[in-house]
Peer 1: 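One structure follows; several queries about it will come next.
A note on names: the letters A, B, ... follow the listed sequences, proteins ahead of strands, and every chain is numbered from 1.
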Amino acid sequence: MLELAIGIILGCCALGAGMAMIAGIGPGIGEGNAVAKACEAIGRQPESKGAVTSTMLMGCAIAETTGLYALVIAILLIFVAPNLLVDILLNSIG
Amino acid sequence: MRSKSRRLTAVDILLIILMILPFAIGILLKVLTAPPSEGISITGARVYFTIPMPIQDLPITEAQVNSVLVLISIFALCLFMTRGLKVKADSKRQHAVEWIVEKVEGLVKDSMGDYFAGFAPFIAAIIALSALSSLSSLLGLYPPTSDLNVVAGWAVLVFALITYYKFKCGPLGYLKGLAEPVAFLTPMNIISEVATPVSMAFRHYGNVLSGTVVAALVAAGLQGLSAMVFGWLPGALGDFPFLQIGIPAVLSIYFDVFSGCLQAYIFAMLTMMYVSGGFPAEDYEKRKEKKQARKNKQNNIHKENLEVN
């Protein structure tokens, strides 16, 4: 029974980590849009390349934030949560 | 006229040694305290030792030690670069320093305005510290920026600065700023206020950490792959991970060099944006004028009283 409980905990942590990374879709699309528009802008006005590039990198970094939140949660779920939850389970059993 | 490089003096050589020594110490510490482990594992910062404290023991981790080592190295670098400055630049070193200072001052003035021109040294310090911390992973050290505690410390510092400049119009002005544009949005504004340092810390830490994790996973995968492909070779040759040579370095160019420098730049840019964006410049000017007017008025009244007497 205990093995089953620990197995459920580990499996759910892995599943949760995988599901958390679905958030990676958003920043991917957003950064793709940003870079596409930046390319268009540079194509239209090649002399403004420097300003457009630095602004684009800045925007990309900010768009990436949600993806990084998901990454942090996934890493916590994989490396930190299982130990913590198993400890809680074992303590509650006594 | 071509500027010639000055000959190195004993002090210069000492400073160069001081620049390199911290990293050597870091590598030595890492090698000496490395636990005997099989394969590649992804762990947090290793705890070197703990200092007993009244409430909770204070663990001194790899990240803290490495960030102090980076600080010492930057300190020696600054001393080395600014040694023997002349009014008329005659050495390559001084030209390099002047270029850096001009670039940073231009950047700060462009994005923060003239009022914040004094921020240039702080911004340069943030960029240097963050970039060198991330780049120290090239030497095999644990990069301090991939530990949330280090970056959260910087983010708290930036948060204090932002709040300080928001308080420039007095506590009432700050509270009024929270209730804008309409009063019932106050909780939202408070949340976004707190979210600023959190997002800054997570952005920087997540980027560097993701590089570390991906690099470790790729290295582990290559180990397994080379065991599969070259496993038939006799003896020690069969155990040797041939595929691990060189291929992880390509990833390292993106994750360590590009991403590390980009994150340093972005952290500095966000600091500048938040600090100058949160500062109510117009209100501050008005307040200053009002204060000046009141002062003048009081002085005039004082003078009149004196004259009457």
Side-chain angles (χ1 to χ4, degrees), chain A residues 10 13-35 37-39 42 45 47-87, chain B residues 40-46 103 106-108 110-111 127 130 134 145-149 151-152 155 192 194-217 220 254-255 258-274 277:
Chain A
L10 294 180
C13 282
L15 264 180
M19 275 154 78
M21 285 317 290
I22 293 174
I25 294 172
I29 294 172
E31 282 178 29
N33 273 335
V35 177
K37 293 284 175 192
C39 286
I42 293 172
Q45 276 183 304
E47 69 274 7
S48 66
K49 190 182 174 193
V52 169
T53 308
S54 63
T55 314
M56 180 201 75
L57 285 177
M58 188 81 196
C60 280
I62 291 173
E64 220 173 37
T65 312
T66 48
L68 288 169
Y69 287 160
L71 174 84
V72 170
I73 288 170
I75 284 172
L76 284 180
L77 275 174
I78 291 175
F79 294 110
V80 181
N83 294 335
L84 212 71
L85 294 176
V86 169
D87 277 357
Chain B
I40 293 155
S41 60
I42 300 164
T43 54
R46 202 177 299 134
K103 279 279 161 194
L107 183 73
V108 170
D110 277 354
S111 45
I127 294 179
S130 169
S134 300
T145 39
S146 75
D147 190 321
L148 180 57
N149 303 313
V151 192
S192 74
V194 177
T196 305
V198 172
S199 76
M200 277 178 92
F202 274 120
R203 183 178 300 122
H204 197 178
Y205 145 82
N207 260 301
V208 181
L209 180 74
S210 69
T212 315
V213 170
V214 171
L217 288 178
Y254 175 75
F255 282 119
F258 177 71
S259 190
C261 293
L262 186 66
Q263 286 311 310
Y265 172 71
I266 281 161
F267 196 89
M269 279 303 277
L270 285 177
T271 306
M272 290 192 280
M273 266 173 49
Y274 284 133

Peer 1: For residues 195-202 of chain B, which side-chain N or O atoms pair as donor and acceptor with protein atoms under 3.5 Å away, sequence neighbours left out?
Peer 2:
from, atom 1, to, atom 2, distance (Å)
B:T196, OG1, B:S192, O, 3.0
B:S199, OG, B:A195, O, 3.3
B:S199, OG, B:T196, O, 3.2

Peer 1: Can you list the residues of residues 55-65 of chain A that sit under 4.5 Å from chain B, counting heavy atoms only?
Peer 2: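 The list, in residue order, reads A:L57, A:M58, A:A61, A:I62, A:E64, A:T65.
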Peer 1: Please check if the number of heavy atoms outside A:M19 that lie under 6.0 Å from its CE is greater than 12.
Peer 2: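 Not more than 12 within 6.0 Å, no.
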Peer 1: Considering only heavy atoms, which portion of B:L209 lies under 4.5 Å from any heavy atom of chain A: side chain, backbone, both, or neither?
Peer 2: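 For B:L209, the contact with chain A is made by the side chain alone.
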Peer 1: Can you check whether anything in residues 67-77 of chain A gets within less than 4.5 Å of chain B, heavy-atom wise, and list it by number?
Peer 2: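 From residues 67-77 of chain A, the residues near chain B are A:L68, A:Y69, A:L71, A:V72, A:I75.
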Peer 1: For residues 263-272 of chain B, which residue pairs pass the side chain to side chain donor-acceptor pair (under 3.5 Å) check, not counting sequence neighbours?
Peer 2: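 Residue pairs passing side chain to side chain donor-acceptor pair (under 3.5 Å), neighbours aside: B:N207-B:Q263.
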